[in-house]
Amino acid sequence: MKLSRLSRRSLLATGGAAVVAAAAAQPAVAAPAEEPAVTPDEALRRLLRGNHRFVTGHGRHPHQSLDDLHRLAAGQHPFAVTVGCADSRVAPEVLFDQGLGDLFDNRVAGNIVDDLLLGSVEFAVEEFHSPLIIVLGHERCGAITATIDAIRSGGTAPGHIGTIVEALRPIVAPVLEQPGDPVDNGVRANVRAQVRGLVERSPIIAERVHQGALRVVGGRYDLDTGHVTLVD
């Protein structure tokens with residue numbers, strides 16, 4: 001899947017000409033606070049270090065200036081791809097203490113990997129060779145809660161919310177009777193299912209995982225503490 005120069009420009013540099021022109025007048029900027037991640041394990045460590053800074057109140061808030069925007073106008077090299085929930089409390093750059101150009105974010109309610117989102121993830125893997133994909137669920141997920149309510153009541157969700165519920169139903173239903181909190185069980189089951197689906201449904205992703213150039217992991221974000229823990 002080698003993208004043409006034209007398609008790359010249209011996807012990555014919309015409106016970039018004006019920004020690049022402004023960048024020409026800017027002085028050189030300092031090097032990033034951290035060296036670019038090279039391996040999947042290094043990329044994961046970089047994310048978890050950033051989350052630790054966020055939790056402990058020592059965030060660096062890197063790469064968030066206008067100079068950084070100008071530097072990135074000509075191209076991007078994100079070291080990780082995130083598949084997260086659209087929840088307003090779960091912003092990857094904040095909770096991982098990253099900045100512009102670091103993460104290729106994909107966010108939708110319930111962090112569901114449908115065909116459109118899978119294409120977006122594949123684009124990042126193919127075009128930028130990002131070495132890490134993290135599927136990030138979170139505590140008290142509203143999409144999981146809505147799915148549980150629909151299953152237990154026998155009802156349906158209004159409008160297109162029903163599409164989300166129906167996508168999550170076969171994942172959530174089997175874990176409803178497990179011990180523990182049903183929403184949290186559903187969140188973990190969904191993260192595992194989306195991680196598995198990324199590899200099983202995408203030859204592009206599977207090939208890079210097989211080569212050791214890419215790792216796909218799942219995580220759970222705790223809304224109360226800010227911690228991100230890996231979901232096995």
Derivation and outcome, side-chain hydrogen bond (donor to acceptor under 3.5 Å, both in side chains), residues His63 and Arg71: CA-CA 10 Å; His63 319 144; Arg71 174 176 55 83; 5.0 Å; no
Stepwise side chain to side chain contact (heavy atoms under 4.5 Å, CB included) check, Asp41 with Arg215: CA-CA 8 Å; Asp41 288 345; Arg215 184 175 174 186; 2.8 Å; yes
Stepwise side chain to side chain contact (heavy atoms under 4.5 Å, CB included) check, Arg49 with Phe96: CA-CA 8 Å; Arg49 283 197 304 266; Phe96 287 121; over 6 Å; no
Verdict with reasoning, His129 to Arg208, per side chain to side chain contact (heavy atoms under 4.5 Å, CB included): CA-CA 9 Å; His129 303 289; Arg208 293 187 65 80; 3.3 Å; yes
Verdict with reasoning, Asp114 to Leu118, per side chain to side chain contact (heavy atoms under 4.5 Å, CB included): CA-CA 6 Å; Asp114 63 7; Leu118 181 57; over 6 Å; no
Evaluation steps, ring-ring contact (aromatic ring centres under 6.0 Å, His included), between Phe128 and Phe123: CA-CA 8 Å; Phe128 310 125; Phe123 175 80; 5.7 Å; yes
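Both Val108 and Ile133 belong to a common hydrophobic cluster when Ile, Leu, Val, Met, Phe, Trp and Tyr are linked at side-chain heavy-atom distances under 4.5 angstrom. Val81 and Ile205 fall within a single hydrophobic cluster, where Ile, Leu, Val, Met, Phe, Trp and Tyr side chains are chained together by heavy-atom contacts under 4.5 Å. Under the 4.5 Å side-chain heavy-atom criterion for Ile, Leu, Val, Met, Phe, Trp and Tyr, Ile112 and Val165 are members of distinct hydrophobic clusters. When the side chains of ILVMFWY residues are joined at heavy-atom separations under 4.5 Å, either directly or via intervening members, Val209 and Val191 end up in a single hydrophobic cluster. Val175 and Ile164 end up in different hydrophobic clusters when Ile, Leu, Val, Met, Phe, Trp and Tyr side chains are linked at under 4.5 Å.
Taking both residues in full, the closest heavy atoms of Ser130 and Pro78 are given as OG-O, 2.7 Å, listed atom of the first, atom of the second, then distance. Minimum heavy-atom separation, Leu168 to Gly110: CD2-O, 4.3 Å. Of all non-hydrogen atoms in Ala86 and Ala109, the two that sit nearest each other are CB-N, 3.7 Å. Closest heavy-atom contact between Phe79 and Ala43: CE1-O, 3.5 Å. Closest approach of Gly219 and Val231 over heavy atoms only: C-CG2, 3.8 Å.
Between Tyr221 and Cys85 the shortest side-chain heavy-atom distance does not fall below 4.5 Å. Considering only heavy atoms from C-beta on, Arg201 comes within 4.5 Å of Asp115 through its side chain. In this structure, Val113 and Val83 have side chains that are in contact, with non-hydrogen atoms separated by less than 4.5 Å. Two residues are said to be in side-chain contact when any heavy atoms from C-beta on lie closer than 4.5 Å; Leu230 and Leu44 meet this criterion. Side-chain atoms of Glu42 and Thr39, non-hydrogen and from C-beta on, do get closer than 4.5 Å to each other. Contact annotation: the side chain of Glu93 approaches that of Leu103 to within less than 4.5 Å [non-hydrogen atoms, C-beta and beyond]. Gln98 has its side chain within reach of Arg46: a pair of non-hydrogen atoms, C-beta onward, lies under 4.5 Å apart. Within the 4.5 Å cutoff, the side chain of Phe54 has no heavy atoms near those of the Val228 side chain.
Residues passing the side chain to side chain donor-acceptor pair (under 3.5 Å) test with Arg169, sequence neighbours excluded: Glu166. In terms of the side chain to side chain contact (heavy atoms under 4.5 Å, CB included) criterion, residue partners of Ile148 (sequence neighbours excluded) are, by chain and number, Ile144, Arg152, Val172, Leu176, Pro182, Val183. Residues passing the side chain to side chain donor-acceptor pair (under 3.5 Å) test with Arg45, sequence neighbours excluded: none. The salt bridge (charged side-chain N to carboxylate O under 4.0 Å, His left out) search around Arg196 returns none, not counting sequence neighbours. Contacts of His61 classified as side chain to side chain donor-acceptor pair (under 3.5 Å), with partners at least two apart in sequence or in another chain: none. The side chain to side chain donor-acceptor pair (under 3.5 Å) test applied to Asp184 returns Arg188, Arg220, not counting sequence neighbours.
The CD1 atom of Ile171 lies 4.5 Å from the CG atom of Asn190; values are rounded to the nearest 0.5 Å. In this structure, CG in Asp181 is found 6.5 Å from CG in Asn185, a value given to the nearest 0.5 Å. For the atom pair Asp105 CG and Leu136 CG, the distance stands at 10.0 Å (nearest 0.5 Å). Asp222 contributes atom CG, which lies 11.5 Å from atom CG of Leu95 (distance to the nearest 0.5 angstrom). Between atom CG of residue Leu47 and atom CG of residue Asn51 there is a gap of 9.0 Å, rounded to the nearest 0.5 Å. Atom CD of Glu139 is separated from atom CG of Asp224 by 4.5 Å, given to the nearest 0.5 angstrom.
A salt bridge does not link Asp87 with Arg107: every distance from a Lys NZ or Arg NE/NH1/NH2 to an Asp or Glu carboxylate oxygen is 4.0 Å or more. For Asp97 and Arg60, the salt-bridge test fails: no basic side-chain N is under 4.0 Å from an acidic carboxylate O.
No donor-acceptor pair under 3.5 Å is formed between the side chain of Thr82 and the backbone N or O of Pro92.
Heavy atoms of other residues, nucleotides or ligands lying less than 6.0 angstrom from CG of Asp232 number 12 at most. Remark: Gln211 CD is packed, more than 12 non-hydrogen atoms of other residues, nucleotides or ligands lying under 6.0 Å away.
For His227 and Thr229, the side-chain atoms include no donor-acceptor pair closer than 3.5 Å. Donor-acceptor pairing under 3.5 Å is lacking for the side chains of Asp68 and Gln64.
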